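Everything quoted here is computed from the prediction, not taken from an experiment.
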Amino acid sequence: MNNKIQNIVLGVLAVGLIGLTVAYTSLSQNLTINGTAKVAAATWDIKFLNLTQKSKSGYAAFPTSNALTASGTTISGNIGTLKAPGDSLTYTFDIKNNGSINAKVNSVVLGGLSCTSATSSVASSVCNNLTYSIKYTDGKAIAKDDELASGATKNVTLTLTKANNTNLASEEVTVTANPTTINYIQK
């Protein structure tokens, strides 16, 4: 009888185990995710365009050779000549986002001016009385986080001015506009 009870108990346990297995499998389910994505072609292309000599005042003169030019990401060349107090030279140019990604200004470093001549005190005096600025044409400073949407253009003004309350230079002074950098990043 002991064997019979044991067999019955084992049979009941086996049926119970099979029942639990069936119940577990009926209560479990697999979820599957399948899909595809694309990475679209994009372009990054911000550059200087349309540099023009806008205005001059006083005895200032635009250069006749090696004039300031815009070429891609660089503006370089001879800005011109200032002679008397109040002289000023102004250029305008565009910064255009020809790319397909919106951009914003990450940093602006205005390089400033350096002056050299036969007499360092003359060079220093001239440099201290010059103003060099790069701003949007509406007068607003170019600043961090300024946006430049894809396809958009910002018009910019570059101005070099000799202060009104200065003396005439007693010798020729070479003025160098140190590199100004406008760094754009993805918006």
Side-chain angles (χ1 to χ4, degrees), residues 36-116 123 126-166 169 172-187:
T36 61
K38 289 183 182 179
V39 176
T43 57
W44 183 259
D45 186 19
I46 299 172
K47 59 179 64 174
F48 295 121
L49 299 170
N50 306 321
L51 177 73
T52 58
Q53 298 172 348
K54 181 171 174 150
S55 64
K56 61 182 181 168
S57 65
Y59 294 93
F62 287 115
T64 56
S65 64
N66 192 29
L68 202 60
T69 59
S71 175
T73 59
T74 303
I75 293 177
S76 62
N78 184 354
I79 296 172
T81 303
L82 303 176
K83 195 181 232 182
D87 281 3
S88 179
L89 293 167
T90 301
Y91 290 84
T92 60
F93 57 91
D94 294 328
I95 298 175
K96 177 149 175 101
N97 184 350
N98 287 317
S100 60
I101 297 173
N102 294 337
K104 69 178 182 176
V105 175
N106 184 49
S107 64
V108 179
V109 177
L110 185 60
L113 302 171
S114 58
C115 300
T116 56
V126 167
C127 243
N128 290 336
N129 290 295
L130 294 175
T131 304
Y132 175 64
S133 68
I134 297 175
K135 301 176 183 178
Y136 295 118
T137 304
D138 65 6
K140 181 183 170 212
I142 300 171
K144 182 175 174 61
D145 296 327
D146 287 352
E147 297 178 9
L148 187 60
S150 173
T153 300
K154 297 276 186 163
N155 193 254
V156 179
T157 301
L158 178 150
T159 305
L160 179 62
T161 304
K162 190 171 190 311
N164 273 325
N165 60 347
T166 61
E172 189 168 301
V173 177
T174 301
V175 179
T176 303
N178 299 317
T180 292
T181 305
I182 305 167
N183 176 256
Y184 281 92
I185 61 171
Q186 177 182 336
K187 177 181 178 257

query: Can you check salt bridge (charged side-chain N to carboxylate O under 4.0 Å, His left out) on K140 and D146, steps first, answer last?
result: CA-CA 11 Å; K140 181 183 170 212; D146 287 352; 3.6 Å; yes
task: Evaluate side-chain hydrogen bond (donor to acceptor under 3.5 Å, both in side chains) for N183 paired with N106, printing each intermediate quantity in order.
output: CA-CA 5 Å; N183 176 256; N106 184 49; 3.2 Å; yes
task: Apply side chain to side chain contact (heavy atoms under 4.5 Å, CB included) to the pair E147 and N102, showing each step before the final yes or no.
output: CA-CA 8 Å; E147 297 178 9; N102 294 337; over 6 Å; no
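For the atom pair I75 CD1 and L51 CG, the distance stands at 5.5 Å (nearest 0.5 Å). To the nearest 0.5 Å, atom OG of residue S107 and atom CD1 of residue I142 are 11.5 Å apart. With values rounded to the nearest 0.5 angstrom, I79 atom CD1 is found 11.0 Å from N66 atom CG. The structure places OG1 of T52 at 10.5 Å from CG of L68, a figure rounded to the nearest 0.5 Å. One finds the OG atom of S57 at 7.5 Å from the CG atom of L89 (value rounded to the nearest 0.5 Å).
For the pair K187 and S150, the minimum side-chain heavy-atom distance is 4.5 Å or more. Counting heavy atoms from C-beta outward, T153 and K96 have side chains that approach closer than 4.5 Å. The shortest distance between side-chain heavy atoms of K104 and I185 falls below 4.5 Å. Taking 4.5 Å as the limit, every side-chain heavy atom of Y91 sits out of range of all side-chain heavy atoms of K54.
A distance-only check finds no donor-acceptor pair linking the side chain of T166 to the backbone of V126 [under 3.5 Å]. In this structure a side-chain-to-backbone donor-acceptor pair under 3.5 Å is missing from T159 to T90. A donor-acceptor pair under 3.5 Å links the side-chain atoms of T180 to the main chain of G111, judged by distance alone. Looking only at distances, no side-chain donor or acceptor of K83 sits under 3.5 Å from a matching main-chain atom of A60. A donor-acceptor contact shorter than 3.5 Å links the side chain of D87 to the backbone of Y59.
Applying the side-chain hydrogen bond (donor to acceptor under 3.5 Å, both in side chains) test between N155 and each of T92, D138, N50, T137 identifies T137 as the sole match. Looking at T116, L113, T176 one by one, the single match for side chain to side chain contact (heavy atoms under 4.5 Å, CB included) with C127 turns out to be L113. Applying side chain to side chain contact (heavy atoms under 4.5 Å, CB included) to V156 and the options D94, I95, I182 leaves one that passes, I95.
Seen from the ring of F62, K56 does not count as a face-on cation partner, given the 6.0 Å and 45° thresholds.
What you find for L82 and K162 is that their closest heavy atoms are CD1-N, 3.9 Å. Of all non-hydrogen atoms in P63 and Q53, the two that sit nearest each other are CD-NE2, 4.2 Å. For N178 against S114, the heavy-atom pair with the smallest separation is OD1-OG, 3.4 Å. Across all their heavy atoms, F48 and T73 have their closest contact at CE1-O, 3.4 Å.
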